[in-house]
Amino acid sequence: MNPLDRLRSWPVLRQLADTDPLGRGAAVKSSGSRALQPRTATADRVVKSICPYCAVGCAQNVYVKDEKVVQVEGDPDSPVSRGRLCPKGAASLQLTTGSGRLHKVLYRPPYGRDWQELDLDRALDMVADRIIATRRDTWEWESAGRRTARTLGIAALGGATLDNEENYLIKKLLTALGVVQIENQARVCHSSTVVALGTSFGRGGATTFMQDLQHSDCIVIEGSNFAEAHPVGFQWVMEAKARGAVVIHVDPRFTRTSALADLHVPIRAGTDVAFIGGIINHVLSNDLYFREFVVNYTNATTLINEDYRDTEDLDGLFSGFDPGTGHYDFDTWQYEGMRAVPVSGERDVDHERRTRGGASIRRSGHGETHGSGGPSLEGTPHTDPTMRDPRCVLQILKRHYARYTPEMVERTCGIPQDLFAQVCRHLVENSGPERTAEFVYAVGWTQHTDGSQFIRAACVLQLLLGNMGRPGGGIQALRGHANIQGSSDIPTLFNLLPGYIPMPHAHQHENIDDFLRADAAHKGFWADMPAYLVSLLKAWWGPAARPDNEFCFGHLPRLTGGHSTYDTVMEQLKGVCKGYLLFGENPAVGSANAKMQRLGMANLDWLVVRDFSLIESATWWQDGPEIETGELKTEDIGTEVFFFPAAAHTEKTGSFTNTNRMVQWHYQAVEPEGEARSDLWFLYHLGRVIRRKLSGSQDPMDAPILDLTWDYPTEGSLGEPVAEAVLAEVNGWDATGRPLSAYTELKDDGSTACGCWIYCGIYAGGVNQAARRKPAEEQNWIAGEWAWSWPANRRLLYNRASADPEGRPWSARKALVWWDAAEGRWTGYDVPDFPPDKAPGYRPAEDATGSDALSGTDPFIMQADGKGWLYAPAGLVDGPLPTHYEPQDSPVANPLHGRQRSPARLVYAHEHNRYHPSGSEPGADVYPYVVTTYRLTEHFTAGGMSRNTPYLAELQPEMFCEVSPELAAERGLIHGGWATIITARNAIEARVLVTHRIAPLRGDGKVVHHIGLPFHWGPNGHVRGDAANELSSIILDPNSHIQEVKAMSADIRPGRRPRGPALVDLVRAYQRRAGITDHTGTEK
Amino acid sequence: MTLLEPDDPATSSGYADHPERMGFFTDTSVCIGCKACEVACKEWNHVPEDLLGFTGMSFDNTAGLGANTWRHVAFVEQPRRLGRQESGLVAADLPAGTVEAARDRTPASLGLPSHDGATGSASDMEFRWLMASDVCKHCTHAACLDVCPTGSLFRTEFGTVVVQEDICNGCGYCVPACPYGVIAKREDDGRVWKCTLCYDRLTVGQEPACAKSCPTDSIQFGELGELRERAARRVEQLHEAGVESARLYGHDPGDGVGGTGAFFLLLDEPEVYGLPPDPVVTTRDLPAMWRHVAVAATALLTVAAAVTWGSRT
Amino acid sequence: MNAHDSSQTDVRLDDSPELRPEREATVGSAGRRRRPQRGERLMVPDAEFRSYYGRPVLQETPWQAPDIAGYLFLGGLAGASSVLAATAELSGRPRLARACKTGALCALGGSLYALIHDLGRPQRFLYMLRTFKVTSPMSVGTWILTAYGPQAGLAAATAVTGLFPRLGRAATMGAGLTGGAVATYTAALVANTAVPAWHDGHRELPYLFAGSAAASAGGLGMLAAPLAEAGPARRLALAGAVAEYAAAKRMERRMGPVAEPLKRGPGGLLLRLGTGLSLSGAAAGILLGRRDRRAAVAAGAALLAGAICTRFGIFHAGLDSSRDPAYTVEPQRARLSHPSQAPS
Ligand SMILES: Nc1nc2c(c(=O)[nH]1)N[C@H]1C(S)=C(S)[C@@H](COP(=O)(O)OP(=O)(O)OC[C@H]3O[C@@H](n4cnc5c(=O)[nH]c(N)nc54)[C@H](O)[C@@H]3O)O[C@H]1N2
Ligand SMILES: Nc1nc2c(c(=O)[nH]1)N[C@H]1C(S)=C(S)[C@@H](COP(=O)(O)OP(=O)(O)OC[C@H]3O[C@@H](n4cnc5c(=O)[nH]c(N)nc54)[C@H](O)[C@@H]3O)O[C@H]1N2
Ligand code: SF4
Ligand code: SF4
Ligand code: SF4
Ligand code: SF4
Ligand code: SF4
Ligand SMILES: [Mo]
């Protein structure tokens, strides 16, 4: 600027010259302000992505300038998120570009005191060597005389934060290596959802989708803290609220969800079955159910085996319980005239029953195989359409819940009767032809020893009220991580193959025909399983999979019982499992009994951690809590640890499946820095190196890995596998290589290949359907052209039930899908979840099989009988009907029956996993309070993605406990001070937050105090604190192997916890006072 | 003489041709306290983190607006009812001793606004949890702007009030001038910082980062006139629905700062949220101050003359 | 409102104009309408003072005490000294005039140093001259100083060196005339803030500052000038101290509760000390300072110290008043409930 211009730009002169004499605006604007441009406008490109935190699946726009991500914000086109992001999504820029991330491979040699740097290629090579060697050392052809063809020496954990394509490669590669202990967060998060919803309705996913909440007249949020854990999804609750809906929140704590609800109902943690049971009783005993819906669409009319005995007859037990094994025999639970056929074939079950070997299959998590298709049945059920027969399901239900009176609800749950009456009234008033009510839950329900039954209770109630398959109705399971649904669909789970096909069981399934025994009598969907399985085997083993070798069915390793993540820990402690791969999971903080997790890892030969930063599961050998207490010494720990920095979602391409089964594609915005690589890269190249090292081997154990199809194209300077090529394999192709467009095209003769049948169609026409991003504004409210949902892009499941038996909408205002007689087709807003041309009047022939065996009024097309299951004759191992049991550790004696705890729960007795005396047992008063654990909006799960992200960390900087003023008074806790919380496992410290939001509850003449604990802290990261999971125990739901972390007993006292060995002493002293032994709490 | 700007601040600030005045209507009755606004603002503006530690102020660990916090979400736990909401929080009967002990302990320790701390055998506990996202008000009569000696603080064509970081010399005058306690000095930087109402984004027609992220539309961005109309309807709607405590704050062009560009729907008195109940732009009294200064200065001269010459005579 | 009346949950037609968007959600509308019951938790009466966890409404003023309080004092001293210098010059008291001129220049230098030192970006000091803002006492003050500074400098330089006496005299007159503004504009500077104790004192502060400035200039004159020439200084000190005292009293009375920080705490202490020192210094000056050089020096020093105390007292009282939300909230609340009594 020349001096004259300079002078002219002098604001004083501009003030005199301009219309801004006071120098407030135009005259004083600086050159900087004039040049201002937002970086959203100057970016070189905008890349479409999806938030990597939770399963709402908010769409993101990633702005890139000079090959750096400069901004991440919401994509307004998304029909789910409408451009909004919660604090976590909004912190994505810092998550991916901030100082929290590591970009170097690190290595800790056995007994080493510190990390060393290691070259990426060399590290990969070393890991390949470890896998090959451990596999050889621990290979097991047989176990107890049955062919297993596997290794228990290696385990993998994690997948819910990864893309579907990455999960697919984990499962494919490790299964081919004979690894069965493959698990991810889905186990600890929502496994009981898959069991309960799958068994009740035929599919294990949420029955509806987020936007449909706006059509609800009454939303019951129970076991979920919707506003905090799924904040952007919560806008749809507000949308419903704006349209007149009643919002009810049932939760032990008054949370940010309660703050926005009409009614908050405080409930004692772990008593939801009693509460829902009470509503069921109210509905049944006052004849308030939706009769036409119930008669036609549920199994209410079905008669049950005359030998069936209820918990009401046997003081808390169903018929068939074997006290010796602690397991149920399901024979007496069956439909009259029909029997359940576990998907694996009838003969084997009989074999198992004869040999008493059933225990292992019961432990193998079969319930979860109903993720897409309920249990299969044979025969024709006997029914009583009048529902008067005492053996019909409705009558059984009535008797089962008759004692769940408002008084009993009050005694058990601590809910005053008038409050309970209000909930009943709202629900009933807002159900029926004109109105619909919806249940929303998440892990407040799943994480109990009978978590599957919590969810089942809601299924029963919603079926009775006629709220299934209808707009504004259904059961919204709010899933956890960005891809928790996908990592169950394309599972990195021990018991499942892609698409919920069960993993074969040792001996039980000698060959593919036994496994598939789908005889002519088969009804419903399982009839087509051979096509799904053979196509999967073709996808994995390609040309090597031929009819003459059973399509390589023998290449699949076999299960012998439970191999869940908690079983794996026990195997590690026993020294059986020697190598562990963590793909984005942090069990040292996030899994129950964190100490057991670390002790298990300390017993490994090698550990591979892939993450963004040095999470606790990578550093426990150096600075873990056991080092502090002296229980472990760094120099004595022989575990070799590899840390591989992972690429973030902005640095890789792939898909996440959101909580409503919607698969959304995200694109790489920039290449990862340094040695960070995607998990897809790691798996592909690891597989490549292993296959190279083994090439030429004639050892039969190497055949599955050498036969594997493993030839994905790569791109870019880093050799990144093309994710879309993996998706194409998941979708499947025919013999000519043409992409398939629907799973109905799959064949059982080996002419089609498909990596996951329920995802078939996602690459229809060679077009990536998951990448569709037609703006919500340009579509109807269903937004079917945004991304792709399984099954077959249907958004609201079982939507045939939105129409009456004749195919007419139940009411004009709740019309969704209906029969168009003129066209002879089902039509409506959503894709009909029904054979498109099956008329309402269709009745199957006697000998019809498969889908043809279901009538035009059977909306639950994945169920063998086409009905919604009020009563579950199969699929659950702890009972056909939900019944109230106390949590494993509970200060309250079960008010309902003599049986305190769920008799079928899975118990893991171990010196570091002691249980508490409960109820009226002596010593129970040593742990007199109820602890419940949960999340905060500001943090994410085990904290790896929030404690290392300063913008999130500063919002909730310290571990705290929430207590009522009454409990604070009782125990002398000072607001803002410290408290120590103690269980038989461990003790932690937390800052005290005294709040009226936690009210003491009164039940059974006793005041119950809750202690609320967020579980996000651990010893590493930007903000640190003790982990809540130091307190929890390994005690599992027998259906799903999920841990109980939502309700346990504990003591609390003021002050910080002791340090060093004194901490262990404190825990032991409490154990002694309570008289705890190896057997405490293990009784069945 | 009035130094106050008329209602159309952009025109009086020298923008002949300017867009509609833009602002925020923050409806706290639908805020879920998620703090997305806090984070989105920090991400967009690269505001430094500001780790305070555990405050014990309900879920608020940010404590207030400041140089490193341009959006702040307040959390207020109150023994009052929100409309017809039922909190379901029923106080349990407790042994008398416990009640006594709690009574001694609670009020001091909770430190919550308007808390009487009573604990006892009440049959039904009134309770509500208020959350509210606070921000710079972008006052019509902005004291910060008025007092800024460098012209660093200026009025944009959108009627918003923005600090020009290339100008601010850190004199700090704007800080005590702001009647809302918004603007503040960043210690290591020496300059003052506050919400810019995302001036950069506005120039290309983009919504501010905080409003864009807000999951429930508690923060509504738009033309101020339209927002004021919407807000008036909203208050009525809430009153009809039984939420009688709903009231607007900052919407009135007749208030002490001429109405704010960012105004709020509150469910309690402003001070409960940390807001001044009736802020007045200090400059309103400046003419009087100048008059008194002039008189005092003249008096000083006169007296000096008087004491010098007066004694001689 | 019963949910049934208002329900709009029909399956949505996207272009339906009457559909309510989610921001119209009315939380807590579906519960029961009930009268407060007996035994419910007490509601806190509205009259009771409430705030957000007791946190201040206002930001902490970022000014450092030695810098800005010092600046208030030095500015006052400089301005009033220049005034006194001018009258001394005109009335033929060269030594008093010279002392005041050099004193003014030193004080000015000190005050500029303090001002710049307190800036967050001192290198941008000159940005103060970027604009002229009548709404900003700091801006106006800067321009006043810009006018005053060179004249005060010239006045002092010519007085010390004896060069250019005519120019010196003109500069002395100029500095004297602007000196009044220099000594008093700082009152507007602090008053034109939201700080309760400063703002609410805006009527009296200019007089208080003028008085205190006069007293300090008088003190300086007594200290530096020979007894014979120091008459006006002694009298100015007395007038200043009395004015200061009167203004302070009146201010305290009129401000009501907000005056508390002026009476209590460190601010109150300093203020009492300040007026005490000023009054006694002035009295001592008048009574003893006429004859006794030592007494004059002591009185002068007391007056200077008094002025320092007063300015620091005002400064701290202001900070205190902004730290306690009661001083912000209560007067405003009172204003709202009794609009008629609101000060205009
Ligand atoms: N901000 C944030 N969002 C998240 C996550 C996160 O960490 N942070 N994690 C994601 C993941 S992985 C998941 S799985 C989801 C989980 O989402 P949510 O399930 O909503 O999360 P939680 O906070 O664990 O539990 C929900 C509520 O259950 C209540 N609760 C506890 N026990 C019981 C009980 O016995 N009965 C009833 N009715 N309620 C009970 C708790 O008080 C809590 O308020 O959130 C996802 N979203
Ligand atoms: N007490 C208690 N315990 C609980 C729960 C509870 O409510 N209470 N909830 C349970 C639930 S629902 C869940 S889901 C678990 C969650 O527990 P975890 O899954 O163990 O916890 P996260 O912190 O989510 O761990 C995921 C890790 O993946 C990393 N990551 C993210 N993206 C990628 C990627 O692309 N690649 C790789 N390699 N790594 C990545 C993150 O940095 C993070 O460290 O916790 C469970 N534990
Ligand atoms: S964490 Fe969940 S709710 Fe939040 S932005 Fe990401 S996907 Fe959306
Ligand atoms: S709120 Fe304060 S900082 Fe914001 S414009 Fe008004 S006076 Fe300025
Ligand atoms: S600190 Fe900066 S913005 Fe504030 S008044 Fe001074 S120059 Fe203006
Ligand atoms: S408008 Fe922009 S600067 Fe202001 S609070 Fe919102 S995001 Fe921050
Ligand atoms: S204003 Fe919006 S973004 Fe901010 S806390 Fe409230 S709901 Fe969240
Ligand atoms: Mo989860």
Side-chain angles (χ1 to χ4, degrees), chain B residues 3 29-30 57 64 79 82-86 111 113-114 116 118 122-126 146-147 149-151 167 169-173 175-177 179 181 184-185 190-191 217 238 241-243 271-274 276-278 282-283 285-286 289 292-293 296-297 299-301 303-305 307-308, chain C residues 1 23 25-29 31 33 37 39-42 44 50-53 55 57-59 61-63 83-84 87 91 119-121 124 127-128 130-131 135-136 138-139 180-181 183-185 188 191-195 199 202-203 206-207 210 214 232 235-236 239 328-329 332-333 335-336:
Chain B
L3 296 174
S29 74
V30 292
M57 293 158 54
L82 173 64
R84 291 169 207 149
Q85 183 186 61
E86 304 205 29
S114 74
D116 65 344
S123 63
D124 181 15
M125 202 173 119
E126 299 283 287
D146 283 349
V147 305
T150 62
I167 302 300
N169 68 10
C171 74
Y173 196 7
V175 178
K185 191 154 151 183
R191 289 172 295 180
D217 233 2
L238 282 166
V243 188
E271 58 267 34
V272 170
Y273 299 89
D278 183 31
T282 176
T283 328
D285 298 323
L286 188 57
M289 293 179 210
H292 289 292
V293 166
L300 178 60
L301 296 180
V303 169
V307 298
T308 308
Chain C
M1 207 185 325
R23 58 170 186 259
T26 50
V27 171
S29 56
R33 201 190 295 259
Q37 295 159 3
E40 279 175 349
R41 304 195 146 207
L42 285 172
V44 179
R50 297 189 287 167
S51 76
Y52 188 64
Y53 300 93
R55 290 183 54 86
V57 170
L58 302 177
Q59 285 289 345
T61 303
W63 295 335
V83 175
L84 186 57
T87 58
S91 64
L119 292 180
R121 292 274 167 116
R124 289 187 180 172
Y127 282 19
M128 292 284 193
R130 219 184 141 247
T131 169
T135 55
S136 169
M138 194 179 279
S139 172
T184 50
Y185 91 88
N192 194 35
T193 62
V195 174
H199 182 90
H202 69 259
R203 285 184 193 69
Y207 307 104
R235 290 187 293 274
L236 185 64
T328 307
V329 172
Q332 296 187 15
R333 205 22 67 227
R335 193 154 73 210
L336 285 175

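Residue numbers start from 1 in every chain, and the chains themselves are labelled A, B, ... in the order their sequence lines are given, proteins ahead of strands. Basis for what follows: all heavy atoms, side chains included, without hydrogens, waters or symmetry-related copies.
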- Message: If I compare all heavy atoms of B/P179 with all of C/A194, which pair ends up nearest, and what's the gap?
- Response: CA-CB, 3.6 Å
- Note on the structure: Here the pair of heavy atoms bringing C/A191 nearest to B/M289 is O-CE, 3.6 Å
- Task: Calculate, to the nearest 0.5 Å, the distance between atoms CZ and CE belonging to C/R55 and B/M57 respectively.
- Result: 5.0 Å
- Spacing of CG belonging to C/L119 relative to NZ belonging to B/K185, to within rounding of 0.5 Å: 7.0 Å
- Looking only at B/L301, B/D217, B/L238, B/T282, most heavy-atom pairs under 4.5 Å shared with chain C are made by B/T282
- Who pairs with C/T87 by side-chain hydrogen bond (donor to acceptor under 3.5 Å, both in side chains), at least two apart in sequence or on another chain? B/T308
- Honestly, the part of C/A183 sitting under 4.5 Å from a heavy atom of chain B is side chain
- Interatomic spacing from NE2 in C/H202 to NE2 in B/H292 - rounded to 0.5 Å: 6.0 Å
- Note on the structure: Nearest heavy-atom approach of B/A177 to C/N192 is CB-O, 4.4 Å
- Distance-minimising heavy-atom pair for C/Q59 and B/G181: NE2-O, 3.0 Å
- Query: Side-chain contact, heavy-atom cut-off 4.5 Å: B/D285 with C/H199?
  - Reply: yes
- Message: Can a donor-acceptor pair be found, under 3.5 Å and without considering hydrogens, that links the side chain of B/Q85 to the backbone of C/G28?
- Response: no
- Closest-packed option against chain C by number of heavy-atom pairs under 4.5 Å, given B/G274, B/A297, B/A305, B/P277: B/P277
- Message: Angle between ring planes, C/W63 versus B/Y173, binned at 30° and 60°: parallel, tilted or perpendicular?
- Response: tilted
- Which pair of non-hydrogen atoms, one from C/V83 and one from B/A304, has the smallest distance, and what is that distance? CG1-CB, 3.4 Å
- Message: Which heavy atom of B/S29 sits nearest to which heavy atom of C/V27, and what is that distance?
- Response: O-CG2, 3.6 Å
- Message: Going by the rule side chain to side chain contact (heavy atoms under 4.5 Å, CB included), which residues pair with B/V303 if we only count those two or more places apart in sequence or in a different chain?
- Response: B/V307, C/L236, C/A239
- Comparing B/G83, B/C171, B/A184 against chain C, the one with the most heavy-atom pairs below 4.5 Å turns out to be B/C171
- With chain B, the option among C/A210, C/P206, C/A214 that has the most non-hydrogen atom pairs under 4.5 Å is C/P206
- Query: Where does C/R23 contact chain B at under 4.5 Å (heavy atoms): side chain, backbone, both or neither?
  - Reply: both
- Task: Measure the spacing between OG1 of B/T150 and CZ of C/R121 and express it to the nearest 0.5 Å.
- Result: 12.5 Å
- Query: Can you check whether B/A241's main-chain N or O pairs, donor with acceptor, with C/S29's side chain at less than 3.5 Å?
  - Reply: no
- Do C/T26 and B/V243 touch side chain to side chain, with heavy atoms closer than 4.5 Å? no
